[in-house]
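In what follows, a structure is listed as structure tokens, so that the remarks can point back to it.
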Amino acid sequence: MYPLNYKEFLMALGEKELLRLLQEKDLELIKVFKTKYIETLKQYYFIGGMPEVVYNFIENRDYKQVREIQNKILYSYEQDFSKHAPNDVVPKLRMIWNNIPSQLAKENKKFIYGLVREGARAREFELAMMWLIDCGLVYSISRISKPDLPLAAYQDFNSFKLFIVDTGLLGTMAGLDEKTLLEGDNIFTEFKGALTEQFVLQQLKSMKDISIFYWSAEKSKAEIDFIIQNENKIIPIEVKAEENLQAKSLKAFYEKYNNKNCIRTSMSDYREQEWIKNIPLYFINELLSLI
């Protein structure tokens, strides 16, 4: 059971025409309605996909109520830690949980135990982390060393990113207010990378029959935000929060591995180039049908 994805969010808001254009892949009209898609995408970043939150917004259109409910959900999670987890694990659960937003805000989003507590080691926090993952509150995305089939055979269990279950809850935990997220272009200057990667991961998680990892080079800063496997296809995805058509890491990846399915997702319009496709963030749910 996942939060509503972006397409389901459009349906819940009654934006049937916007949804239809995405489903029919009407690229010209999608471009015409770009401003509306960006507006609803910002709403999704703020509201997220938790059903209680979405349906309250539909009834009341009140962003303050949205944040109140999100804070109640986060409080209930904290209470569940104490009720259901072993007593000695609870403090570590809270430390990991509360540390995720700041770790996602880093340029290198690899999870580092030493940022949870100075001098911390993996073995101290493994049980707490597995508890969060098993409960579905946290997603762990492992690094792969080589983009070959099957991807799972090449995962590095010591290098991973942690995401939480919902983008709206992430924004709440980070203390992002309504104006920052919804007015002008501020969403793309405040916590932009974290929210955008969280959004894309949340959409990927709602797709069936895919495995999700990320890739980074051994001896350089090159990193692909997500690399997924769908049947026999390996699809590298570089995530950009803005209308950014640079893709240096993805270009390096393509030149090294000659992968024909390179994807950049950003606020720019859909376009195909010789070695890459740019898919708008609000079109990412149709990814698999575009490859």
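Predicted, not measured: the structure shown is a model, and the values here were computed from it. Sequential numbering from 1 along the given sequence is applied to the chain's residues.
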I want to check something: taking the side chain as every heavy atom from C-beta on, are [X] and [Y] in contact at a cut-off of under 4.5 Å?
X: E8; Y: N5; result: yes
X: N261; Y: I234; result: no
X: L10; Y: Y44; result: no
X: L4; Y: M11; result: no
X: F81; Y: V89; result: no
X: Y6; Y: T40; result: yes
X: D88; Y: L127; result: no
X: P236; Y: E238; result: no

Can you name the ring-ring contact (aromatic ring centres under 6.0 Å, His included) partners of [X], sequence neighbours left out?
X: Y113; value: F111
X: F253; value: W215, Y257
X: Y282; value: Y37

[X] side, atom [atom1]; [Y] side, atom [atom2] - distance, nearest 0.5 Å:
X: I58; Y: I47; atom1: CD1; atom2: CD1; answer: 8.5 Å
X: Y77; Y: W97; atom1: OH; atom2: CH2; answer: 6.5 Å
X: M95; Y: L93; atom1: CE; atom2: CG; answer: 11.0 Å
X: K7; Y: L18; atom1: NZ; atom2: CG; answer: 13.0 Å
X: E243; Y: L281; atom1: CD; atom2: CG; answer: 10.5 Å
X: I141; Y: L201; atom1: CD1; atom2: CG; answer: 4.5 Å

**Request:** Would you sort out whether E242 and K192 count as a side-chain contact (heavy atoms from CB on, under 4.5 Å), showing the intermediate values?
**Result:** CA-CA 9 Å; E242 306 172 79; K192 60 181 180 180; 2.7 Å; yes
I'd like to know if [Y] and [X] are part of one continuous hydrophobic network [Ile/Leu/Val/Met/Phe/Trp/Tyr, side-chain heavy atoms within less than 4.5 Å].
X: L290; Y: L21; answer: yes
X: L287; Y: I212; answer: yes
X: Y254; Y: V239; answer: no
X: F283; Y: L204; answer: yes
X: L195; Y: V138; answer: yes

At their closest point, which heavy atom of [X] faces which heavy atom of [Y], and how far apart are they?
X: I276; Y: A247; result: CD1-CB, 4.2 Å
X: T196; Y: A241; result: OG1-CB, 3.3 Å
X: P150; Y: Y154; result: O-CD1, 3.4 Å
X: I73; Y: S76; result: O-OG, 2.6 Å

**Item:** Evaluation steps, side chain to side chain donor-acceptor pair (under 3.5 Å), between N285 and Q203
**Value:** CA-CA 6 Å; N285 294 95; Q203 308 318 298; 3.1 Å; yes
**Prompt:** Considering the options K83, K72, R94, which one meets the salt bridge (Lys or Arg N to Asp or Glu O under 4.0 Å) requirement together with E78?
**Reply:**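 The residue from K83, K72, R94 that satisfies salt bridge (Lys or Arg N to Asp or Glu O under 4.0 Å) with E78 turns out to be R94.
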Side chain to side chain donor-acceptor pair (under 3.5 Å) against [X], all qualifying residues, sequence neighbours excluded:
X: Q229; answer: none
X: D80; answer: none
X: Y55; answer: none
X: E178; answer: none

Tell me whether [X] at atom [atom1] has more than 12 heavy atoms from other residues, nucleotides or ligands lying less than 6.0 Å away.
X: Q79; atom1: CD; value: yes
X: D134; atom1: CG; value: yes
X: K205; atom1: NZ; value: yes

**Asked** When you check the gap from the basic side-chain N to the acidic O, do E218 and K146 get nearer than 4.0 Å?
**Response**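 Salt bridge: no.
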**Request:** Mind jotting down which residue pairs meet the side-chain hydrogen bond (donor to acceptor under 3.5 Å, both in side chains) criterion with at least one end in residues 122-131? Sequence neighbours excluded, please.
**Result:**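 The answer is R117-E124.
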Do any side-chain atoms of residues 59-66 form donor-acceptor pairs under 3.5 angstrom with protein atoms, and if so which ones, sequence neighbours left out?
{"residue": "N60", "atom": "ND2", "partner": "N56", "partner atom": "O", "Å": "3.1"}
{"residue": "N60", "atom": "ND2", "partner": "Q65", "partner atom": "OE1", "Å": "3.3"}
{"residue": "D62", "atom": "OD1", "partner": "K64", "partner atom": "N", "Å": "2.9"}
{"residue": "D62", "atom": "OD1", "partner": "Q65", "partner atom": "N", "Å": "3.2"}
{"residue": "Y63", "atom": "OH", "partner": "Q43", "partner atom": "NE2", "Å": "3.0"}
{"residue": "Q65", "atom": "OE1", "partner": "N56", "partner atom": "ND2", "Å": "3.4"}

**Message:** Please check this pair: side chain of S102 against backbone of N99, looking for a donor-acceptor N/O pair closer than 3.5 Å.
**Reply:**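 Pair found, side chain donor or acceptor close to backbone of N99.
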**Asked** Does K106 reach the main-chain N or O of N108 with its side chain, forming a donor-acceptor pair under 3.5 Å?
**Response**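 Between the backbone of N108 and the side chain of K106 there is a qualifying donor-acceptor contact (under 3.5 Å).
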**Asked** Quick one: salt bridge (Lys or Arg N to Asp or Glu O under 4.0 Å) pairs with a partner in residues 250-272, sequence neighbours left out?
**Response**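 Found K34-D269.
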**Prompt:** Taking only residues at least two apart or on different chains, which pairs with a member in residues 10-28 satisfy salt bridge (Lys or Arg N to Asp or Glu O under 4.0 Å)?
**Reply:**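 Every pair satisfying salt bridge (Lys or Arg N to Asp or Glu O under 4.0 Å) with a residue in residues 10-28: E15-K36, E17-R20, R20-E24, K25-E286.
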**Request:** Apply side-chain contact (heavy atoms from CB on, under 4.5 Å) to the pair Y214 and I224, showing each step before the final yes or no.
**Result:** CA-CA 6 Å; Y214 79 98; I224 305 301; over 6 Å; no
**Message:** Test side-chain contact (heavy atoms from CB on, under 4.5 Å) on V116 and F125; report intermediate values, then the result.
**Reply:** CA-CA 10 Å; V116 177; F125 286 91; 3.8 Å; yes
**Message:** Does N230 form a side-chain contact (heavy atoms from CB on, under 4.5 Å) with M207? I'd like the steps, not just the answer.
**Reply:** CA-CA 10 Å; N230 176 236; M207 299 177 189; over 6 Å; no
Tell me which donor-acceptor pairs under 3.5 Å the side chains of residues 158-175 have, and how far apart each pair is, sequence neighbours excluded?
{"residue": "S159", "atom": "OG", "partner": "D156", "partner atom": "OD2", "Å": "3.1"}
{"residue": "K161", "atom": "NZ", "partner": "E197", "partner atom": "OE1", "Å": "3.3"}
{"residue": "K161", "atom": "NZ", "partner": "E223", "partner atom": "OE2", "Å": "3.3"}
{"residue": "K161", "atom": "NZ", "partner": "D225", "partner atom": "O", "Å": "3.1"}
{"residue": "D166", "atom": "OD1", "partner": "G49", "partner atom": "N", "Å": "2.7"}
{"residue": "D166", "atom": "OD1", "partner": "Q202", "partner atom": "NE2", "Å": "3.0"}
{"residue": "D166", "atom": "OD2", "partner": "G168", "partner atom": "N", "Å": "3.0"}
{"residue": "D166", "atom": "OD2", "partner": "L169", "partner atom": "N", "Å": "3.1"}
{"residue": "T172", "atom": "OG1", "partner": "R67", "partner atom": "NH1", "Å": "2.8"}
{"residue": "T172", "atom": "OG1", "partner": "Q70", "partner atom": "OE1", "Å": "3.0"}
{"residue": "T172", "atom": "OG1", "partner": "G168", "partner atom": "O", "Å": "2.8"}

